[in-house]
Amino acid sequence: MAKQVLCRFGQWCSRVFAVECQPNSDPVYFALSKNPQANLAGEFEKIFGGAKTYSFHVCTDERFQRAMLYDDLKNKLIPALPRGSVLDVFSFLPGVNNSLFRGFLIKDADAMPIFDELVKSSWVNVCAYVQERDNQWWQHLWSKSEDGTAVLVDKFCLVPARMPSCHPSTLNIMGNDVFYRFGDANKVVEQCKEIIPEAKELLELVDQNLTLKQAGQFPTIVIEGLDATGKTTLTHSLTAELGAALLRSPPQCLSPWRPRFDSEPPLLRRAFYALGNYITASQIATASQNTPVVVDRYWHSTAAYAIATAVTGKVDNLPGPGSEVYRWPSDLLRPDLVLLLTVSPEERMRRLSGRGLEKTQEEAELEANHLFRNKVEQAYKRVEDPACVVVDASPPPDQVLQEVLRLIRDKCHLN
């Protein structure tokens, strides 16, 4: 078993580790070495603080399995441990996409109730962190022996590591949190249809509704924005003014399955919404043959929320403008104009307070988490080809409508 663990982590010593101690601060980075270094006792005080600490990394290269197992680990650890004792931890190969293993670091864990269970698993790497007599911090790698007991496989000295140019949580965005081809999203849902019956129904619905065609002669205008920025009011007004067809993403036909997929791990949830965009694209292609089309949200929303959720910590951790994560999928119909409605946080909260509607998890987080809201807005603004045109939606609805009509006349040449 010990040999299996070392084989599973053949590049373990090449990895860099990052621990998120505070949402608004940079992670603490460290690497592993067989050679102790002098005067490092204080380097890791911020992480460990002298208490016994463990880390658990989900470590399979198969992305669907990794997503499901990470969710299972999260559900085991979070309810069983005191609030604030669980931190996000990553291990990764610097600059290598899809090399990120996500996990959790458990502080002040003198008693770890599920340690033995996790050591016996084949999909998680279990490490304990110990300050030895030389004041060095060591990572102890554990596994299961032939008789089923925990055994120390190897140990490595912790040494400081350089901060990478990009936050490690950005390494796995492409193809895991954001999809750039229909086939990639469809494959994820295909993989889970044996364990999630609704996935088979979803795939059948996609087959029935997906007719990838070119857009018609009439323009397509997408309205984007956070909740309570006035999207619903504006889309209905625009539809009446332009004599347009009104579509939404995700499309109405996916509504029966939305609660189920919203409760699944991010990989599957993102694949569900990606497929919704392709159905909407087919609807746009059909409707735009005869009339202008107004769309309430589209790929910008899918990408912005996914990127903001995937990238932990502060706004600066987002991939910079021009990053490939913001590029439009090559096989998805492009709209002619995308308008991003914005209002102040105070105005958004005032509007939301009068709604009383049921919220998704991400919508609830937007209200409670100023940091997450800022990341979503920044991600919106960085999507390219087509980029968003920002519209101040604070004035009365009729004024916003007139400004939007002016933009449409200028950019889509509609009278």
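Basis for what follows: all heavy atoms, side chains included, without hydrogens, waters or symmetry-related copies. Heads up: numbering here begins at 1 and tracks the sequence.
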Please enumerate all residues that pass ring pair (Phe, Tyr, Trp, His ring centres under 6.0 Å) together with [X], with sequence neighbours excluded.
| X | value |
| --- | --- |
| Tyr380 | none |
| Phe218 | none |
| Tyr326 | none |
| Trp138 | none |

Please check if the distance between the ring centroids of [X] and [Y] is under 6.0 Å.
| X | Y | value |
| --- | --- | --- |
| Trp142 | Phe56 | no |
| His300 | Trp328 | yes |
| Phe156 | Tyr129 | no |
| Phe17 | Trp12 | yes |

Quick check: does any side chain N or O of [X] sit under 3.5 Å from a backbone N or O of [Y], one acting as donor and the other as acceptor?
| X | Y | result |
| --- | --- | --- |
| Ser301 | Arg297 | no |
| Lys231 | Leu226 | yes |
| Ser323 | Gly320 | no |
| Gln139 | Cys157 | no |
| Lys314 | Ser25 | no |

Exercise for the section: Answer whether the closest heavy-atom distance between the side chains of Phe104 and Leu87 falls below 4.5 Å. Expected result: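 No, side chains not in contact.
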Exercise for the section: Using a 4.5 Å cut-off on heavy atoms from C-beta on, say whether the side chain of Tyr54 contacts that of Leu77. Expected result: no
Handout entry: Thr309 vs Arg270, side-chain contact (heavy atoms from CB on, under 4.5 Å): CA-CA, chis, key distance, verdict
Key = CA-CA 11 Å; Thr309 302; Arg270 301 307 176 196; 3.4 Å; yes
Practice task
For the pair Phe92 and Tyr29, name the ring-plane relationship: parallel under 30°, tilted 30 to 60°, perpendicular over 60°.
Solution key: perpendicular
If we ignore angles and hydrogens, is there a donor and acceptor under 3.5 Å between the side chains of [X] and [Y]?
| X | Y | answer |
| --- | --- | --- |
| Gln191 | Glu62 | yes |
| Glu201 | Trp257 | yes |
| Tyr278 | Asn186 | no |
| Arg258 | Tyr273 | yes |

Between [atom1] on residue [X] and [atom2] on residue [Y], distance to nearest 0.5 Å:
| X | Y | atom1 | atom2 | answer |
| --- | --- | --- | --- | --- |
| Trp137 | Thr53 | CH2 | OG1 | 6.0 Å |
| Leu234 | Glu241 | CG | CD | 10.5 Å |
| Leu205 | Leu275 | CG | CG | 10.0 Å |

Handout entry: Under-4.0 Å salt bridge between Glu264 and Arg269
Key =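 Here Glu264 does not pair with Arg269 in a salt bridge, since their nearest N and O are not under 4.0 Å apart.
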Fill in the blank from the handout: Applying salt bridge (Lys or Arg N to Asp or Glu O under 4.0 Å) to Glu190 and not counting sequence neighbours gives Lys193
Practice task
Apply salt bridge (Lys or Arg N to Asp or Glu O under 4.0 Å) to Asp184 and Arg181, showing your working.
Solution key: CA-CA 6 Å; Asp184 290 342; Arg181 293 184 301 179; 3.3 Å; yes
Name all residues meeting the side-chain contact (heavy atoms from CB on, under 4.5 Å) criterion together with [X]; count only those two or more places apart in sequence or in a different chain, and write none if there are none.
| X | answer |
| --- | --- |
| Val315 | Leu318, Leu371, Asn374, Lys375, Gln378 |
| Asp410 | Arg406 |
| Asp71 | Asn75, Pro265 |

Exercise for the section: If a pair satisfies salt bridge (charged side-chain N to carboxylate O under 4.0 Å, His left out) and one of its residues is in residues 378-399, list it, with sequence neighbours excluded. Expected result: Arg334-Asp385
Handout entry: NZ/Lys155: more than 12 non-hydrogen atoms of other groups inside 6.0 Å
Key = yes
Which atom pairs, donor and acceptor, lie under 3.5 Å between side-chain atoms of residues 285-295 and protein residues at least two apart or in another chain?
residue, atom, partner, partner atom, Å
Thr286, OG1, Lys213, NZ, 3.0
Thr286, OG1, Ser282, O, 3.2
Ser288, OG, Gly216, N, 2.7
Ser288, OG, Ile284, O, 2.8
Ser288, OG, Ala285, O, 3.4
Gln289, NE2, Ala285, O, 2.9
Thr291, OG1, Gly243, O, 2.6

Using distance only, find each side-chain donor-acceptor pair of residues 166-176 under 3.5 Å and give its atom names and separation, not counting sequence neighbours.
residue, atom, partner, partner atom, Å
His167, ND1, Ser169, N, 3.1
His167, ND1, Ser169, OG, 2.7
His167, NE2, Glu20, OE2, 2.7
Ser169, OG, Thr312, N, 3.4
Thr170, OG1, His167, O, 2.7
Asn172, OD1, Asn98, N, 3.2
Asn172, OD1, Ser99, N, 3.4
Asn172, OD1, Leu100, N, 3.3
Asn172, ND2, Leu100, O, 3.2
Asn176, ND2, Asn98, OD1, 2.7
Asn176, ND2, Asn172, O, 2.9

Practice task
Just grab all the side chain to side chain donor-acceptor pair (under 3.5 Å) pairs involving residues 84-94, residues at least two apart or on different chains.
Solution key: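 Non-adjacent pairs meeting side chain to side chain donor-acceptor pair (under 3.5 Å): Arg15-Ser91.
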